[in-house]
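Presented below is the structure to which this report refers.
We use all heavy atoms of the structure for the numbers below, so side chains are in, but hydrogens, waters and symmetry mates are not. Order of the sequence lines fixes the chain letters, A, B, ..., with proteins taken first and strands second; residue numbering starts at 1 for each chain.
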Protein chains: 2
Amino acid sequence: MTAMARPYHHGDLRAALLAAALHAVEAGGHATLSLRELAQGLGVSHAAPYRHFPNREALLAAVASQGFAQLAEAWLAAWRGAGAAGPAGRLRLAARAYIGFATEHAALFRLMFQGPPPPGAEAAFAGMQATVAAALPGAAEAAVKTRTLTMWSALHGFAWLALEGSIRPAMLRPLPPEAMLDAVLDAALGPPGGG
Amino acid sequence: MTAMARPYHHGDLRAALLAAALHAVEAGGHATLSLRELAQGLGVSHAAPYRHFPNREALLAAVASQGFAQLAEAWLAAWRGAGAAGPAGRLRLAARAYIGFATEHAALFRLMFQGPPPPGAEAAFAGMQATVAAALPGAAEAAVKTRTLTMWSALHGFAWLALEGSIRPAMLRPLPPEAMLDAVLDAALGPPGGG
DNA sequence: GGTTGCAGGTTGGCGATGTCAACATGACCG
DNA sequence: CGGTCATGTTGACATCGCCAACCTGCAACC
């Protein structure tokens with residue numbers, strides 16, 4: 001046999017399921033994801049997924065967890081890559097990355113913030129908090145925490161509302177669409193010059 | 001007959017379905033709502049709901065629409081009832097009402113902001129915008145709109161994150177839990193003294 | 001090296017669900 | 001009084017999540 005036709009054991013079904021689930025979520029949203037369809041797509045029986053995830057919800061939680069890792073990475077990457085922009089500018093670029101992630105991975109983002117936060121969510125918050133701390137040198141930890149909270153709330157609210165269409169550029173007419181994002185960033189981070 | 005045992009026609013099945021669906025959502029979340037169960041609870045056959053709603057999604061959208069009406073009413077009622085608090089104070093109380101609605105009707109709130117905004121969502125935004133305008137006398141309409149947008153984003157983001165547990169008071173320790181809400185209100189509306 | 005244990009597959013089936021097609025009923029209107 | 005049509009009903013289909021019972025083959029052990 002040049003390539004094993006169909007080995008009884010898949011090899012790494014768990015990882016394959018996760019990847020396929022992530023793909024399915026990004027393609028069609030988590031609501032339409034079907035375990036049976038997933039299994040069939042991987043050439044495996046309809047009950048095989050239950051050997052790796054206790055139920056559908058657990059698989060989705062694992063996908064969401066992956067999403068939080070990606071989101072944290074996007075945030076930190078933008079922040080790290082913007083070292084020359086100054087403390088406030090770096091945060092601003094990271095914030096743009098947050099909104100960018102939400103719009104580019106809308107379905108995944110929706111899944112992530114639905115239901116109890118999966119493992120990884122708290123770490124993402126901690127990562128954001130670290131970058132906020134860098135922008136507020138000498139600030140008390142309490143101040144950093146509340147600042148992170150208010151920033152995250154503003155960014156997340158805007159991302160979510162824009163994602164679902166609750167906020168549309170048309171509602172802000174005659175302002176240009178980009179004005180929405182700028183206004184939110186100003187409000188979330190303080191105006192470009194401020195701290 | 002003192003009371004018709006089971007008339008062939010229900011009378012107002014549409015309204016009954018809506019009320020029952022609202023109740024079911026508030027009780028168990030929209031994910032577990034079943035049309036068949038709903039129908040059975042109303043003493044009607046399992047396909048009867050399809051005479052009034054094309055599908056499950058449409059029924060949920062109608063429930064969400066009702067929710068937006070309630071939310072707008074809660075906002076406006078708080079604002080109206082706080083006439084003596086001054087422009088900024090009124091907005092602050094309305095904002096508290098928004099958060100209050102979100103936490104008291106968590107499941108309904110989740111449904112409302114999931115999927116495309118149902119009819120009524122835009123009217124709710126317009127209502128909020130009117131109250132913001134009253135707090136910014138003489139401001140250009142564009143300024144009012146962006147202010148409403150940033151305020152809503154901050155409030156909504158906090159409400160959602162708190163609702164789902166992404167933000168927990170423990171994460172802000174050692175700050176007291178109420179500090180979270182106050183900080184968000186300050187950020188969303190400007191500090192208590194400001195405009 | 002044969003045996004055996006167990007993770008990781010399979011088959012089959014149950015109960016429930018959303019949705020549709022075909023039919024029944026009865027209120028209202030001419 | 002007869003017909004029409006909105007509104008309910010019955011029955012069925014495909015699909016789904018999940019479970020129980022069984023099978024396979026790698027690996028570890030005497």
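Taking side-chain N and O atoms only, B:Ser45 has no distance below 4.0 Å to OP1 or OP2 of D:dG8. In this structure, B:His52 reaches the D:dG8 phosphate: one of its side-chain N or O atoms is under 4.0 Å from OP1 or OP2. Applying the 4.0 Å criterion to OP1 and OP2 of C:dG18, one finds that B:Ser34 has a side-chain N or O inside that range.
A donor-acceptor pair under 3.5 Å is absent between the side-chain atoms of A:Arg96 and the main chain of A:Leu181, judged by distance alone. A distance-only check finds a donor-acceptor pair linking the side chain of B:Arg56 to the backbone of B:Leu33 [under 3.5 Å]. Of the possible polar contacts, none joining the A:Arg90 side chain to the A:Ala85 backbone as a donor-acceptor pair under 3.5 Å is found. The closest donor-acceptor contact from the side chain of B:Thr150 to the backbone of A:Ala187 lies at 3.5 Å or more, if one exists at all.
Between B:Trp75 and B:Tyr98, the two ring planes are perpendicular [angle over 60°; tilted spans 30° to 60°]. B:His156 and B:Phe113 have tilted rings, their planes meeting at an angle from 30° to 60° on a 0 to 90° scale.
A:Ala183 and B:Thr146 get closest at one heavy-atom pair: CB-CB, 4.2 Å.
Mapping B:Arg14 and B:Arg36 onto DNA chain D by nearest heavy atom places B:Arg14 closer to the 5' end of the strand.
Looking at residues 53-65 of chain A, you'll see A:Asn55, A:Arg56 sit with a heavy atom under 4.0 Å from some atom of DNA chain D.
Side-chain proximity of A:Ala47 to the nucleotides C:dT17, D:dG17, D:dC19 is greatest for D:dC19. Comparing C:dG12, C:dG9, C:dT19 against the side chain of A:His46 picks out C:dG12 as the nearest. When each of D:dC18, D:dG8, D:dC16 is scored by its nearest atom to the side-chain atoms of A:Glu37, the top-ranked nucleotide is D:dC16.
Between A:Leu35 atom CG and D:dC18 atom C1' there is a gap of 9 Å when expressed in whole angstrom units. In this structure, CZ of B:Arg51 is placed 14 Å from P of C:dT19, rounded to the nearest angstrom. Atoms OH (B:Tyr50) and P (C:dT19) sit 4 Å apart, rounded to a whole Å. In this structure, B:Leu13 atom CG and D:dT9 atom C1' are separated by 13 Å, rounded to whole Å.
Atom CD of A:Glu37 is surrounded by 12 or fewer heavy atoms from other residues, nucleotides or ligands within 6.0 Å.
Between the two ends of the helix from C:dG1-D:dC30 to C:dG30-D:dC1, each summarised by a five-pair axis, the helix axis turns through 10° (rounded to 10 degrees).
Here B:Leu42 lies out of heavy-atom contact (under 4.0 Å) with every strand. Using a 4.0 Å heavy-atom criterion, one finds that B:Leu33 contacts the sugar-phosphate atoms exclusively.
Annotation: ring-ring contact (aromatic ring centres under 6.0 Å, His included) contacts involving residues 125-147 of chain A, sequence neighbours excluded, comprise A:Phe125-A:Trp152.
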